[in-house]
2 protein chains.
Amino acid sequence: MKRKVTLKQIAKELDVSISTVSKALRNSVEISEDTKQKVQAFAKLYNYKPNNIALSLKNRKTNTIGIIIPEIVHHFFSKVIRGVELVANQRGYNVIIGLSNESFAKEVINMEMLANGSIDGFIISLSKETLQLQDYHHFNETINQGMPIVMFDRVVNEIQCDKVIVDDFEGAKNAVEKLIKNECKHIALITTKDYVSVGRLRTQGYLEALKTHGQDLKAELILKLDDNVDYEVNLDALEKEIEQLFKSNSKIDGIFAVNELYALTAMRVAGRLGFRVPDDIQVIGFTDGVLSKHSTPSLSTVSQHAQLMGEKAAGLLIDKLENDHEDETYQTQIIASELIERESTK
Amino acid sequence: MKRKVTLKQIAKELDVSISTVSKALRNSVEISEDTKQKVQAFAKLYNYKPNNIALSLKNRKTNTIGIIIPEIVHHFFSKVIRGVELVANQRGYNVIIGLSNESFAKEVINMEMLANGSIDGFIISLSKETLQLQDYHHFNETINQGMPIVMFDRVVNEIQCDKVIVDDFEGAKNAVEKLIKNECKHIALITTKDYVSVGRLRTQGYLEALKTHGQDLKAELILKLDDNVDYEVNLDALEKEIEQLFKSNSKIDGIFAVNELYALTAMRVAGRLGFRVPDDIQVIGFTDGVLSKHSTPSLSTVSQHAQLMGEKAAGLLIDKLENDHEDETYQTQIIASELIERESTK
DNA sequence: TTGTAGGCGTTATCAT
DNA sequence: ATGATAACGCCTACAA
């Protein structure tokens, strides 16, 4: 077992100084052809590669970016990671991941762990708990220490940094307008409580669409669910809630749901109650998930272009990292959402 | 903007030496209570945290593990990552990801990038291209340099290292036996070409089950698909292949498919051809995916316990990293698969 | 053309 | 009780 070879070892073997080796390997004109040959041949033979850690310490630059997300077993987030990784790799960066698991404490710990020199900058989507607590001190501290942050999707005004978001408001509005155009007169909304920023914006889009098209807002058509309940493991509860919605509003002919699970469950419950999708009820969800495409009927959705978000976020971060003149201006890039029509709408 | 504070700066401010500060912060008995108080208070005030990179260089240990996988937008792999991250974090490690995107070249590049000091060890699942080329030099080189590797799921005998696999053979055999017990007489197999190790093992499990129960092996019941075609974006092609299978064997009453997509597509095609699942045809897939649970009818599957695989892999790796006495013995942990019965079987 | 020295931030060993 | 020094691996300004 041959350990990784260092400059020092090469220098010793060839009986020259460390700096000669270093220069020879970087093809410096200071070094004679002869020595260069010798050194380079030896280095190649022993497969010399500079030690990243030493370089990081010397250059005070790790060429690594940290991404903190609430959950990884989730299509949206894994697509974002793919985008981040793609751009990061192209530009010579590694990606280190931290999962907050929707917990404020884990988010803080993860960030502190990485902020101590391990990475050059963060890409982050806030945990639900952080959104509820509205405690953003760890972000501001990180930024104050000169470490740039790019936030995506779940962002918040209180933090001054670059952001990448999807146009939740417009996306929702378009979706609901589509339903209106398809002659839905009683469009229900299945959303989350307002502290989840994206849920709030999508709700606003729904309201705006109704208003624009002169449809009355009926409170009983709006179902606000507690996003802290894990309905994925507690499907029955979700179904009950939605069933309730249908029962108290027999005229519902359209549904806009702010995520995939709500939308699919709504379709299922509708089917069970004897409604036909899309004939009796049309449904649109808001998601990048796989289930929509494979469900029967397949679900029309507002796509968030998750991978693109990741690419943009990585691009913004690396631009900032590589721009010396500390740009103290922050931008928010808005990714256009896209309505993908499938079988659940006419 | 206050940059991260270092020992040096604290020493300067308090007019003591760097080593005094270092010792004081680690509560060394060598240092007077007085000085300790002063130093610790100051450190706390300026939120001093040791620089990870400097520690890594000094200790020749990064406390970071690298995970190289073919794809991240995939339930199985993201669950594995979650498991790895969970254990890694518990034991004080970070996780850095590299995506091979099923490409041999990217796998090699990613590994070389990380092997130069950035991490202490690897967790890897081979890319399809690597499996085809059967070129494993990069793994052996890494191992030779003293960097431990743990492989999971897509493993290969040629590489000597710890491994975590699911019992593909047994899992497949059990699934097919379930179909046999449910009185299927003509069980089709939808699988991949043999170079994908897991595909091969699952195929063998199918064959074994038939043999054990005295069912004849009929070549026309086996559909071997080219796993290089991305059927996810080319669903039509997949449907055609499967339709062909049905058409040439009108008596098929059971299907075992080695992944989720094949199984779901088979169900859909079966439905379209007028068969009813599970009454006319029973179907079992092999996967940890979400689609199975949410499809109609929901799909019975062999679960791989992906997260557990990740946890085990991380545990094995960290054990090896923290055991000085270079254990030159390697173990292969086999995770028991589990047949999850849903609506696609009786 | 080659080598020396200093520094990135930390800790450990060995003086004082 | 405190401090100087060396080392981890690398690079580079400056000597020789």
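It should be emphasised that the depicted structure is a prediction, and the values quoted were computed from it without experimental measurement.
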Novice: So which nucleotide from C:dT2, C:dC8, D:dT2 ends up closest to the side chain of A:S32?
Specialist: C:dT2
Novice: Please answer whether the main-chain N or O of A:F152 pairs with a side-chain N or O of A:S125 as donor and acceptor at a distance below 3.5 Å.
Specialist: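 Here the side-chain-to-backbone pair exists.
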Novice: In whole angstrom, give the distance that lies between atom CD of A:E33 and atom P of C:dT2.
Specialist: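 Going from A:E33 (CD) to C:dT2 (P), I get 11 Å.
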Novice: Is there a donor on the side chain of A:S19 or the base of C:dT4 sitting less than 3.5 Å from an acceptor on the other?
Specialist: yes
Novice: To the nearest angstrom, how far is A:L25 atom CG from D:dT12 atom P?
Specialist: 13 Å
Novice: Report the residue (B:V29 or A:P50) whose heavy-atom-nearest nucleotide on DNA chain D is the more 5′ of the two.
Specialist: B:V29
Novice: Evaluate the criterion side-chain contact (heavy atoms from CB on, under 4.5 Å) for residue pair B:N47 and A:Q145; output intermediate values, then yes/no.
Specialist: CA-CA 11 Å; B:N47 191 29; A:Q145 282 173 168; 4.0 Å; yes
Novice: Tell me which nucleotide among C:dT1, D:dG3, D:dC10 gets nearest to the side chain of B:S17.
Specialist: D:dG3
Novice: How many Å lie between CD1 on B:I10 and C1' on C:dT10, as a whole number?
Specialist: 12 Å
Novice: Record whether the side chain of B:K4 comes under 3.5 Å of the base of C:dG9 through a donor-acceptor pair of N or O atoms.
Specialist: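 Answer no: no donor N or O sits under 3.5 Å from an acceptor.
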Novice: Does atom CD of A:Q160 have more than 12 heavy-atom neighbours from other groups under 6.0 Å away?
Specialist: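 No, because the 6.0 Å sphere around CD of A:Q160 holds 12 heavy atoms or fewer from other groups.
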Novice: Round to a whole Å and report the spacing from CD of B:E30 to C1' of D:dA4.
Specialist: 13 Å
Novice: Measure from CG on B:L57 to P on C:dT10 and round the result to the nearest Å.
Specialist: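 In whole Å, C:dT10 P and B:L57 CG are 12 Å from each other.
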Novice: In whole angstroms, how far is the C1' atom of C:dT10 from the CZ atom of B:R26?
Specialist: 9 Å
Novice: Out of C:dG3, C:dT2, D:dA7, which nucleotide sits closest to the side chain of A:V16?
Specialist: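 Side chain of A:V16 sits closest to C:dG3.
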Novice: When we call it a touch if two heavy atoms are under 4.0 Å apart, what does A:T35 touch: a base, just sugar-phosphate, or nothing?
Specialist: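 Sugar-phosphate only.
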Novice: Taking only the side-chain nitrogens and oxygens of A:K58, find out if one of them lies under 4.0 Å from OP1 or OP2 of C:dG6.
Specialist: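 The answer is no; no side-chain N or O of A:K58 sits under 4.0 Å from OP1 or OP2.
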Novice: Which nucleotide in the set D:dT12, D:dT2, C:dT10 lies at the smallest distance from any side-chain heavy atom of A:S22?
Specialist: D:dT12
Novice: Classify the ring geometry of A:H74 against A:F77: parallel below 30°, tilted from 30° to 60°, perpendicular beyond 60°.
Specialist: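 The arrangement is perpendicular - the two ring planes meet at more than 60°.
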Novice: May I ask you to say what A:V21 touches in the nucleic acid, namely base, sugar-phosphate or nothing, with a heavy-atom cut-off under 4.0 Å?
Specialist: nothing
Novice: Within a radius of less than 6.0 Å around CG of A:N157, do more than 12 heavy atoms belonging to other residues, nucleotides or ligands occur?
Specialist: no
